[in-house]
2 protein chains.
Amino acid sequence: MLRTGQNSGKELADTERIAAHLACCPAFEAVAPDTLRDMLQRHHYHITSHDSGAIVAFRGDRYERLLVLLSGEVRTEMSSYGGKQYTVAEYTAPCLLAPAILFGKDNRLPVSVIATRPIELLRLPRAAVLALCRTEEAFLAAYLGDISTRLGVLADKLRLSRFATIRERLADYLLDQYHLQGSSTLQLPHSRRTQAEILGATRPALSRVLSELAEAGVVNYDRDYVQILDLEALAGLVDSLD
Amino acid sequence: MLRTGQNSGKELADTERIAAHLACCPAFEAVAPDTLRDMLQRHHYHITSHDSGAIVAFRGDRYERLLVLLSGEVRTEMSSYGGKQYTVAEYTAPCLLAPAILFGKDNRLPVSVIATRPIELLRLPRAAVLALCRTEEAFLAAYLGDISTRLGVLADKLRLSRFATIRERLADYLLDQYHLQGSSTLQLPHSRRTQAEILGATRPALSRVLSELAEAGVVNYDRDYVQILDLEALAGLVDSLD
DNA sequence: TCCAGTTCGTAACATATGATACCGAAGTGA
DNA sequence: TCACTTCGGTATCATATGTTACGAACTGGA
């Protein structure tokens, strides 16, 4: 479903709703509500909704408008000719999608964007974003900061990809979850297949490594439940990467 | 050698020289010369020189000033605990270094920066860059465009790292050189060891793969000389990644 | 409750790549 | 010219991970 915003009564209601979403969105949250509404009224935006599982954008597509995830969740992934998927990142609304790519000379998406829940997207013209960058210093700084964080994440993924074994990557993932969940008893939010896609491995290989960690007494697990038994051993696996 | 610029006679001569370098530098070239000189006089910059082989910045260092490569060449790399090097990119002056990282909340360099020739660096305060972004739309667009290109390169590196065999990565490298040198007779600009670091492999493994390509009649080679015999076969190796 | 489809663990085998070592060739500087 | 260092090729063996397949367990809808 595609909705376009430009100065009609129904769209004014949209504008209010979108502005409310943007008030919590990285970069946009730094802008006064009036300025956000003004921006939305001045530029020709689209709203689209997508079902869970929908491929919102393909790797290689031209990226001419900033996508802002208003609701739901997406993951970005690369896939290989042979059908292997590699999950690069996951995003929860509200957030920006591919903020840096918007400004490339050859601005083709380096990843595909897949909805992992039903989502709603705001599609903003590049000119709207550029104008905000120029007039709102806090927006500019936050926008650039957002890009910087993403670049850091990508670089980290590259480093792990190059230097880390599956075991080390799994240790990293489990430690992340440990810090997120604040407990050494974890309910993992991903299926084994999805975990494998995030870690850049195959499901049987991941199972093997998890099984080895269990045999070594580092963890205890059953399906999506993992109990960390030896936190130091796990941290040691990650530390050996630095 | 460290030189600092701020409003003295000798530094005015520096300012002219630096402005001349910046006139050819991505993003800065979009700014009028007067504006560049003005910016340099208003902000407290540093100039540093480094010998070939110098590690200018370490992965994990805080990155608080924009580094601009005024002369020479650098490479950026990640290294592993065990001493393996992975070359992420190479840059020739004049160019920006890590333009996105400057704005991160936790702005730590994801790579080390090594001079591969004697170099000269301009170190600009973040505020100087932000001010230019606000006042010079063309600078902002070009700066963001530069970041976008880097992110694309990094994403490509990640994709190749995840999905491509050494053979496919080598084919990609040779095709790049073919397009750069405009000939199927290549004089490779890197030693085998450095090639291996760029491709994310070990030297013996790279030698093996090159030898296999030669046996298959795809290339003919001796040391840094490579002749592409079957361009289609080489291109086919790369195409199978898309 | 039953059944079809999906997920997961595991095993066996295959493959790509790394580690190590050695040797000859090439380059460098005194 | 010679000694030393670096570079590059090659071989052998080791290791991590992928591929394929199968059976058990789980899930959701009729």
Side-chain angles (χ1 to χ4, degrees), chain A residues 52-53 78-87 116 159-173 186-216 219-226 237 240-241, chain B residues 52-53 78-86 116 160-174 186-216 219-227 237 240-241:
Chain A
S52 183
M78 294 173 174
S79 52
S80 77
Y81 194 71
K84 286 194 279 190
Q85 316 293 351
Y86 181 47
T87 297
T116 47
R159 189 171 61 89
L160 290 186
S161 180
R162 204 65 276 148
F163 296 134
T165 60
I166 299 176
R167 177 180 285 108
E168 287 156 349
R169 277 177 262 148
L170 176 58
D172 191 55
Y173 170 76
L186 308 175
Q187 185 92 18
L188 297 186
H190 302 103
S191 70
R192 196 75 79 234
R193 162 124 164 265
T194 301
Q195 285 162 26
E197 285 172 4
I198 289 169
L199 299 182
T202 58
R203 183 190 56 77
L206 179 58
S207 276
R208 172 169 44 211
V209 168
L210 190 51
S211 170
E212 286 166 6
L213 282 187
E215 271 171 37
V219 299
N220 195 27
Y221 75 100
D222 181 43
R223 291 222 150 211
D224 63 350
Y225 157 86
V226 172
L237 283 173
S240 67
L241 288 167
Chain B
S52 182
M78 295 172 173
S79 50
S80 76
Y81 195 71
K84 284 194 280 188
Q85 317 292 351
Y86 181 48
T116 47
L160 290 186
S161 180
R162 201 70 271 152
F163 295 135
T165 60
I166 299 176
R167 177 180 284 108
E168 285 155 350
R169 277 178 261 147
L170 177 57
D172 191 55
Y173 170 78
L174 292 177
L186 309 176
Q187 185 91 17
L188 298 185
H190 302 103
S191 70
R192 198 75 79 236
R193 165 128 160 262
T194 301
Q195 284 161 29
E197 287 171 4
I198 291 169
L199 298 183
T202 58
R203 182 189 58 78
L206 180 59
S207 275
R208 171 169 47 215
V209 169
L210 190 51
S211 169
E212 286 165 6
L213 281 188
E215 270 170 39
V219 298
N220 195 26
Y221 74 100
D222 180 43
R223 291 221 148 207
D224 62 351
Y225 157 84
V226 173
Q227 184 179 21
L237 284 173
S240 69
L241 289 166

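All values below come from the heavy atoms of this structure, side chains included, with hydrogens, waters and symmetry mates left out.
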Whole Å only: how far is the CZ atom of Arg193(B) from the C1' atom of dA26(C)? 17 Å

Sequence neighbours excluded, every pair satisfying side-chain hydrogen bond (donor to acceptor under 3.5 Å, both in side chains) that has a member inside residues 186-199 of chain A: Glu90(A)-His190(A), Tyr173(A)-His190(A), Gln187(A)-Asp224(A), Ser191(A)-Thr194(A), Arg192(A)-Gln195(A), Arg193(A)-Glu197(A)

Backbone of Tyr86(B) reached by a side-chain donor or acceptor of Arg162(A) within 3.5 Å: no

Round to the nearest Å and state the distance from Phe163(A) atom CZ to dG18(C) atom P. 11 Å

Whole-Å distance separating the OH atom of Tyr225(B) from the C1' atom of dA26(C): 19 Å

Sequence neighbours excluded, which residues qualify as side-chain hydrogen bond (donor to acceptor under 3.5 Å, both in side chains) partners of Arg208(B)? none

Run the side chain to side chain contact (heavy atoms under 4.5 Å, CB included) test against Ala214(A) and tell me which residues pass, sequence neighbours left out. Val219(A), Tyr221(A)

Tell me the interatomic distance from Leu188(A), atom CG, to dC8(C), atom P, rounded to whole angstroms. 11 Å

Atom-to-atom span, CG of Leu170(B) to P of dG8(D) - whole angstrom: 14 Å

Estimate the overall bend of the helix from dT1(C)-dA30(D) to dA30(C)-dT1(D) from the end axes over five pairs each, rounded to 10 degrees. 50°

Answer yes or no: is there a donor N or O on one side and an acceptor on the other, between the side chain of Ser79(B) and the main chain of Lys84(B), under 3.5 Å? no

Residues passing the side chain to side chain contact (heavy atoms under 4.5 Å, CB included) test with Arg159(A), sequence neighbours excluded, are Asp156(A), Phe163(A), Leu241(A), Asp242(A), Arg59(B), Met78(B)

With sequence neighbours left out, what residues match Ala201(A) under side chain to side chain contact (heavy atoms under 4.5 Å, CB included)? Ile166(A)

Which residues share a side chain to side chain contact (heavy atoms under 4.5 Å, CB included) with Arg167(A), sequence neighbours left out: Thr165(A), Val209(A), Glu212(A), Leu213(A), Leu237(A)

For each nucleotide in nucleotides 9-24 of chain D, reading 5' to 3', give B when a protein heavy atom comes within less than 4.0 Å of its base, S when such contact involves only the sugar-phosphate, and - otherwise. BBBB----BBBBB---

